[in-house]
Amino acid sequence: MEEIYREESGVSFERKVFAGIAVFILAWLSYAPAVNLFETGRFDVLTWGLYGCILGLIIWRVCFRYTVILYKNKTMEIITQGLGIKRSYVVDLSRTESFTNKYERSFFRKTKISHYIHRYDSLDPNPQRLLVFTEGKKNRLAGVIFKGSDTLIKKLRHMMPDKYIQL
């Protein structure tokens with residue numbers, strides 16, 4: 001397949017600092033339960049389960065990088081890479097209902113989108129974008145949320161000018 005455009009997620013120093021602060025706060029909050037565990041020998045499942053979920057969320061949001069590729073055959077591929085995992089999600093752009101330059105949750109909550117696919121890195125300084133498409137035999141609406149530059153949106157606008165929604 002011939003590529004039209006390729007873009008990789010970026011990293012903002014400011015966002016890296018916020019992620020580091022979040023990990024520091026989580027470590028600081030886990031100090032008292034850790035001391036309690038060593039002194040009493042009792043394991044608090046709820047506390048450690050909550051901290052594990054928060055840590056997993058932080059890792060998921062900052063340790064994976066994304067590459068968005070537009071192909072000439074009207075497909076868009078989003079490749080996820082991180083922690084030794086590599087997977088790909090392909091969207092057939094001929095099934096696109098609309099796309100926007102800015103994802104606003106309050107606006108799209110009123111639509112009939114059945115599920116959202118999140119494919120973005122929290123360290124990327126680019127804004128969140130949304131591409132709504134139909135999938136499956138029942139043509140249900142789905143949305144892929146990704147981060148991309150204005151150049152990527154211009155390329156998508158060039159490919160599908162009638163599907164663009166300005167927010």
Side-chain angles (χ1 to χ4, degrees), residues 1-23 50 52-167:
M1 291 188 284
E2 190 176 341
E3 291 183 15
I4 295 175
Y5 184 72
R6 175 186 286 255
E7 180 173 292
E8 294 186 16
S9 59
V11 176
S12 166
F13 176 74
E14 179 181 296
R15 291 175 181 257
K16 261 184 156 175
V17 170
F18 285 133
I21 290 171
V23 170
L50 178 65
C53 287
I54 293 171
L55 182 62
L57 181 65
I58 292 171
I59 289 170
W60 172 60
R61 295 292 298 254
V62 301
C63 290
F64 287 91
R65 300 288 172 254
Y66 297 90
T67 304
V68 179
I69 305 170
L70 294 176
Y71 294 105
K72 272 196 170 182
N73 65 348
K74 287 215 166 210
T75 58
M76 179 172 83
E77 182 179 20
I78 302 172
I79 301 170
T80 306
Q81 298 173 355
L83 301 176
I85 302 168
K86 183 176 180 178
R87 63 183 188 166
S88 168
Y89 189 81
V90 178
V91 178
D92 183 5
L93 294 178
S94 65
R95 298 186 68 159
T96 300
E97 291 294 320
S98 63
F99 67 95
T100 181
N101 62 333
K102 183 178 174 186
Y103 171 65
E104 289 187 17
R105 185 176 179 184
S106 61
F107 178 79
F108 288 101
R109 181 176 278 181
K110 301 170 190 168
T111 63
K112 299 263 185 193
I113 298 174
S114 62
H115 72 281
Y116 291 91
I117 298 107
H118 298 263
R119 296 289 186 264
Y120 61 89
D121 175 13
S122 290
L123 298 180
D124 192 351
N126 288 316
Q128 290 180 351
R129 317 297 185 155
L130 176 69
L131 187 125
V132 179
F133 59 97
T134 57
E135 68 177 0
K137 294 178 183 177
K138 294 184 179 181
N139 287 328
R140 290 188 174 160
L141 287 179
V144 64
I145 302 170
F146 61 98
K147 287 193 174 184
S149 67
D150 291 335
T151 307
L152 176 63
I153 293 299
K154 286 178 186 174
K155 297 285 184 185
L156 280 171
R157 268 182 94 172
H158 187 314
M159 291 173 74
M160 305 173 292
D162 56 327
K163 307 284 185 178
Y164 179 70
I165 298 174
Q166 176 76 37
L167 290 181

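Positions are given from 1, in the same order as the sequence printed here. In this text, all values refer to a predicted model and were calculated from it rather than measured experimentally.
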For a 4.5 angstrom cut-off between non-hydrogen side-chain atoms, does [X] reach [Y]?
{"X": "Val144", "Y": "Met76", "value": "yes"}
{"X": "Val11", "Y": "Arg65", "value": "yes"}
{"X": "His115", "Y": "Arg140", "value": "no"}
{"X": "Leu156", "Y": "Leu93", "value": "yes"}
{"X": "Ile117", "Y": "Ile78", "value": "no"}
{"X": "Asn126", "Y": "Tyr120", "value": "no"}

Distance in Å, [X] [atom1] paired with [Y] [atom2], rounded so as to fall on 0.5 Å steps:
{"X": "Asp162", "Y": "Arg157", "atom1": "CG", "atom2": "CZ", "value": "11.5 Å"}
{"X": "Asn101", "Y": "Ile165", "atom1": "CG", "atom2": "CD1", "value": "10.0 Å"}
{"X": "Glu3", "Y": "Ile69", "atom1": "CD", "atom2": "CD1", "value": "4.5 Å"}
{"X": "Leu50", "Y": "Ile54", "atom1": "CG", "atom2": "CD1", "value": "4.0 Å"}
{"X": "Cys63", "Y": "Leu123", "atom1": "SG", "atom2": "CG", "value": "8.5 Å"}
{"X": "Met160", "Y": "Leu131", "atom1": "CE", "atom2": "CG", "value": "5.5 Å"}

More than 12 heavy atoms of other residues, nucleotides or ligands under 6.0 Å from [atom1] of [X]: is that the case?
{"X": "His118", "atom1": "NE2", "value": "yes"}
{"X": "Lys155", "atom1": "NZ", "value": "no"}
{"X": "Glu14", "atom1": "CD", "value": "no"}

For [X] versus [Y], what's the shortest heavy-atom pair and its separation?
{"X": "Thr100", "Y": "Arg129", "answer": "O-CB, 3.8 Å"}
{"X": "Gly10", "Y": "Asp121", "answer": "O-OD2, 3.9 Å"}
{"X": "Tyr71", "Y": "Glu77", "answer": "OH-OE1, 2.7 Å"}
{"X": "Ile113", "Y": "Gly143", "answer": "CG2-N, 3.7 Å"}
{"X": "Leu152", "Y": "Tyr5", "answer": "CD1-CD2, 3.7 Å"}
{"X": "Ile153", "Y": "Phe99", "answer": "O-CE1, 4.3 Å"}

Carefully, step by step, assess Leu83 and Ile59 under the rule side-chain contact (heavy atoms from CB on, under 4.5 Å).
CA-CA 9 Å; Leu83 301 176; Ile59 289 170; 3.5 Å; yes

So Tyr89 and Phe133, would you call those rings parallel, tilted or perpendicular, with 30° and 60° as cut-offs?
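Correct class here is tilted.
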
Report yes or no: does Ser114 contribute a side-chain atom to a donor-acceptor pair with the main-chain N or O of Leu141 at less than 3.5 Å?
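Confirmed, Ser114 side chain pairs with Leu141 backbone.
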
Step by step, would you call Arg95 with Thr134 a side chain to side chain donor-acceptor pair (under 3.5 Å)?
CA-CA 6 Å; Arg95 298 186 68 159; Thr134 57; 3.3 Å; yes

From the options Arg61, Lys16, Lys147, select the one residue that forms a side-chain hydrogen bond (donor to acceptor under 3.5 Å, both in side chains) with Ser122.
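Going through Arg61, Lys16, Lys147 one by one, the side-chain hydrogen bond (donor to acceptor under 3.5 Å, both in side chains) with Ser122 is satisfied by Arg61 alone.
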
On the ring face of Tyr66, is Arg119 found with NZ or CZ under 6.0 Å from the centre and within 45° of the axis?
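Ring-cation test returns no.
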
Go through it in stages, so that I can follow the logic: the residues are Thr151 and Glu7, the test is side chain to side chain donor-acceptor pair (under 3.5 Å), and I'd like the CA-CA distance, side-chain angles, deciding distance and then a yes or no.
CA-CA 9 Å; Thr151 307; Glu7 180 173 292; 5.7 Å; no

